[in-house]
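Residue numbers begin at 1 in each chain, while the letters A, B, ... track the order of the sequences.
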Amino acid sequence: MADDVHRIELRAKSIEALRALLDGANLDHGCRPAVRRDGDDYVIEVYSPVAEVDRLRSARSVPGVSMTVIENASEVGRARQAEVGSANRFAARIAPRGLGIKE
Amino acid sequence: MSYLNVEEIETALDTLAGSHPGVAELIALPNRTAEGRQSHALRIGPPDAQGANTLMITGGMHAREWVPPDALVNLAADLLEAHAQGTGLRYGAQRFTADEIRSVVAGLQLVVFPCVNPDGRHHSQTTEPMWRKNRRRVAQNADPECVGVDINRNFDALWDFRRHFATDSRVSASANPCDPQVYVVPAAASEPETRNVVALLDRFSRLRWFVDLHGYVPAIYYSWGFDQNQSSDPTMNFRNASFDGQRGRGGNGYREFIPADDLRQLQDLGTVVNKAISVASGRGYQLEQSFTLYPTSGASDDYAYSRHFVQGAISKVLSFTIECGRSFQPPWNEAEDVIREVCAGFVALCVAVSAPGS
């Protein structure tokens, strides 16, 4: 869909480069504006229509920042809704069991 | 198997409490959500809990982060079943002995609040997968985006970001009721979900540790999220109004004071959690301060840790945010792996803080 939000990876050799691109852009930074290290790179994932990030990159020339569209997050989310319980599996009052192995 | 819906989370907690009456207690939270939901937490520990140190773990503050509530229900179920059967617990290669499980349940109060934002989770799971906030309509217009407040920017910890932070700090917060992600107003702790967490924090006089489980990076973050930490100048702190308008830039100006011993304890406990995650899953998380790219205001972990500085009679609460996994809504078989590693980390934390002398 036209307004679908995409999961987009931005990667640079410095936090300053990421800030130069993202400052004031008001993008969705995920849970929190967190940068992770991946080798020598600083990486952040943003959630946005692809066109919005393309416009941002065109407007702000920040060398060394690469952009990779990972997935259509809206589409993935819609598919994932099929993996949500539809009734109440505990309605019979049988307590849940966790995934840990009891030994 | 599948993700728990909001009704299932509530029933799970109720049945766990009913199945383990000597060591588990269901706690009804005082504030109903905008859509009328009643939330519950689960206390696990000795029946006479007055003298026991307390660890509190919350999840589900952000609606689209589906794994945390499931992980916390799993954690409670695992601990209670292992304790009842007299067994240990294993997640991957990470093992905990029966004695360790017994010590945790006998010597520690563990309070688990799996789903702080059930309205948001329900909306994300049934309608808009990328929804983050709660579902209270604050603005009077009919725009569907102009609904909801970011609960994890609504706590009273430098909540008034326009006053406390530098205008160029790019603090992750917004006063726009139509902001889809980080709307913080109309007032600190305005939201029923926020007040439920605060009520739980207030309830336990020996609360010593707090973890807010979110998704994703993956990382273990400790205080502060306001600005980069420093341990040399105690006057440079969030309570000092002379620094209003200067916070949040990082760099060489304002830095947030954190006592060196607190920082060491946070790093030590974070390492305990991370080691267990790594043994369970084969790879660890980042462990660092939560201020990385931009500051945050009004976050739960900073609020929990800030309280004893503001109110001297309150016990110090060392606080973390754990961002688990590598996506908001992994396929369920991948979510199970995240749940196992998170539970390994939490059980390791429980073992560490229930040890004598903690």
Side-chain angles (χ1 to χ4, degrees), chain A residues 3-7 10 12 15-16 18-19 21-38 42-48 70-103, chain B residues 2-5 7-8 11-12 15-16 18-20 62 64-66 73-78 80-82 85 87-91 124-126 129-130 152 168 170 172 179-181 214-217 219 221 225 286 290 292-294 296 299 321 323 327-329 331-332 336 339-340 343 347:
Chain A
D3 290 333
D4 272 3
V5 165
H6 285 68
R7 178 180 175 182
L10 300 173
I15 286 184
E16 290 72 23
L18 290 176
R19 286 199 182 113
L21 180 66
L22 294 172
D23 277 3
N26 201 31
L27 291 180
D28 177 357
H29 300 127
C31 181
R32 63 194 307 139
V35 172
R36 65 178 171 86
R37 296 300 306 273
D38 182 17
Y42 294 84
V43 181
I44 188 168
E45 292 180 8
V46 297
Y47 285 80
S48 171
I70 296 175
E71 63 188 6
N72 180 330
S74 298
E75 190 175 279
V76 167
R78 287 190 292 269
R80 209 64 79 227
Q81 288 174 333
E83 294 189 67
V84 175
S86 57
N88 188 338
R89 73 194 80 175
F90 307 119
R93 314 302 296 180
I94 299 172
R97 303 189 67 194
L99 294 172
I101 306 297
K102 284 76 178 180
E103 60 184 25
Chain B
S2 55
Y3 285 98
L4 297 170
N5 62 42
E7 188 185 350
E8 289 176 315
T11 307
T15 56
L16 283 170
S19 300
H20 302 277
H62 288 147
R64 61 189 178 184
E65 299 161 19
W66 290 4
V73 170
N74 271 264
L75 174 68
D78 276 344
L80 289 168
E81 182 177 346
Q85 294 180 356
T87 69
L89 267 175
R90 180 169 64 82
Y91 301 100
S124 173
Q125 290 185 326
T126 61
M130 291 299 292
N152 206 30
D168 60 351
R170 314 299 182 186
S172 174
D179 187 289
Q181 310 305 333
H214 286 255
Y216 64 95
V217 175
Y221 293 120
Q286 284 180 191
S290 59
T292 57
L293 186 67
Y294 299 124
T296 52
T321 290
E323 297 276 359
S327 61
F328 286 135
Q329 299 143 6
W332 177 251
E336 287 188 337
I339 289 168
R340 289 188 191 93
C343 286
V347 176

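- The existence of a salt bridge linking B:Asp78 and B:Arg340 is excluded, since no basic side-chain nitrogen approaches an acidic carboxylate oxygen closer than 4.0 Å.
- Of all heavy-atom pairs spanning A:Ile15 and B:Thr292, the tightest one is CD1-O, 4.3 Å.
- Of the residues considered (B:Ala82, B:Ser19, B:Pro331, B:Ser172), B:Pro331 shows the highest number of contacts with chain A, using heavy-atom pairs under 4.5 Å.
- No cation-pi contact links A:Arg7 to B:Phe328, judged by a cut-off of 6.0 Å to the six-membered ring centre and 45° from its axis.
- A:Tyr47 places no side-chain N or O within 3.5 Å of a backbone atom of A:Ser74 that could act as its donor or acceptor partner.
- Heavy atoms of B:Glu336 lying under 4.5 Å from chain A belong to its backbone as well as its side chain.
- With a 4.5 angstrom heavy-atom cutoff, B:Gln125 touches chain A via backbone and side-chain atoms both.
- Put simply, of B:Gln286, B:His214, B:Met130, B:Glu7, the one with the most heavy-atom pairs under 4.5 Å next to chain A is B:Gln286.
- Heavy-atom pairs under 4.5 Å with chain A were tallied for B:Asp179, B:Leu293, B:Val73, B:Asn152; the largest tally goes to B:Leu293.
- A:Gln81 places a side-chain N or O within 3.5 Å of a backbone atom of B:Ser124 that can act as its donor or acceptor partner.
- Both the backbone and the side chain of B:Gln329 come within contact range of chain A, judged by heavy atoms closer than 4.5 Å.
- A:Leu22 touches chain B through backbone and side chain together, each having a heavy atom under 4.5 Å away.
- Neither the backbone nor the side chain of B:Ala219 comes within contact range of chain A; no heavy atom of the residue lies under 4.5 Å from a heavy atom of that chain.
- Nearest heavy atom pair, residue B:Thr296 against residue A:Pro33, reads CG2-CD, 4.0 Å.
- With sequence neighbours excluded, the residues forming a salt bridge (charged side-chain N to carboxylate O under 4.0 Å, His left out) with B:Arg64 are A:Asp28, listed by chain and number.
- With a threshold of 4.5 angstrom between heavy atoms, B:Pro180 does not approach chain A through any atom at all.
- Heavy atoms of B:Tyr294 lying under 4.5 Å from chain A belong to its backbone as well as its side chain.
- Side-chain atoms of A:Glu83 come within 3.5 Å of backbone N or O of B:Trp332 as a donor-acceptor pair.
- For the pair A:Arg37 and A:Tyr42, the cation sits on the ring face: its NZ or CZ lies under 6.0 Å from the ring centre, inside 45° of the axis.
- Using a 4.5 Å cut-off between heavy atoms, A:Glu71 does not touch chain B at all.
- When each of B:Thr15, B:Val347, B:Asp168 is scored by its heavy-atom pairs under 4.5 Å with chain A, the top score falls to B:Thr15.
- For B:Ser290, the parts sitting under 4.5 Å from any heavy atom of chain A are the backbone and the side chain alike.
- For the set B:Leu80, B:Ile339, B:Thr126, the entry with the most heavy-atom pairs within less than 4.5 Å of chain A is B:Thr126.
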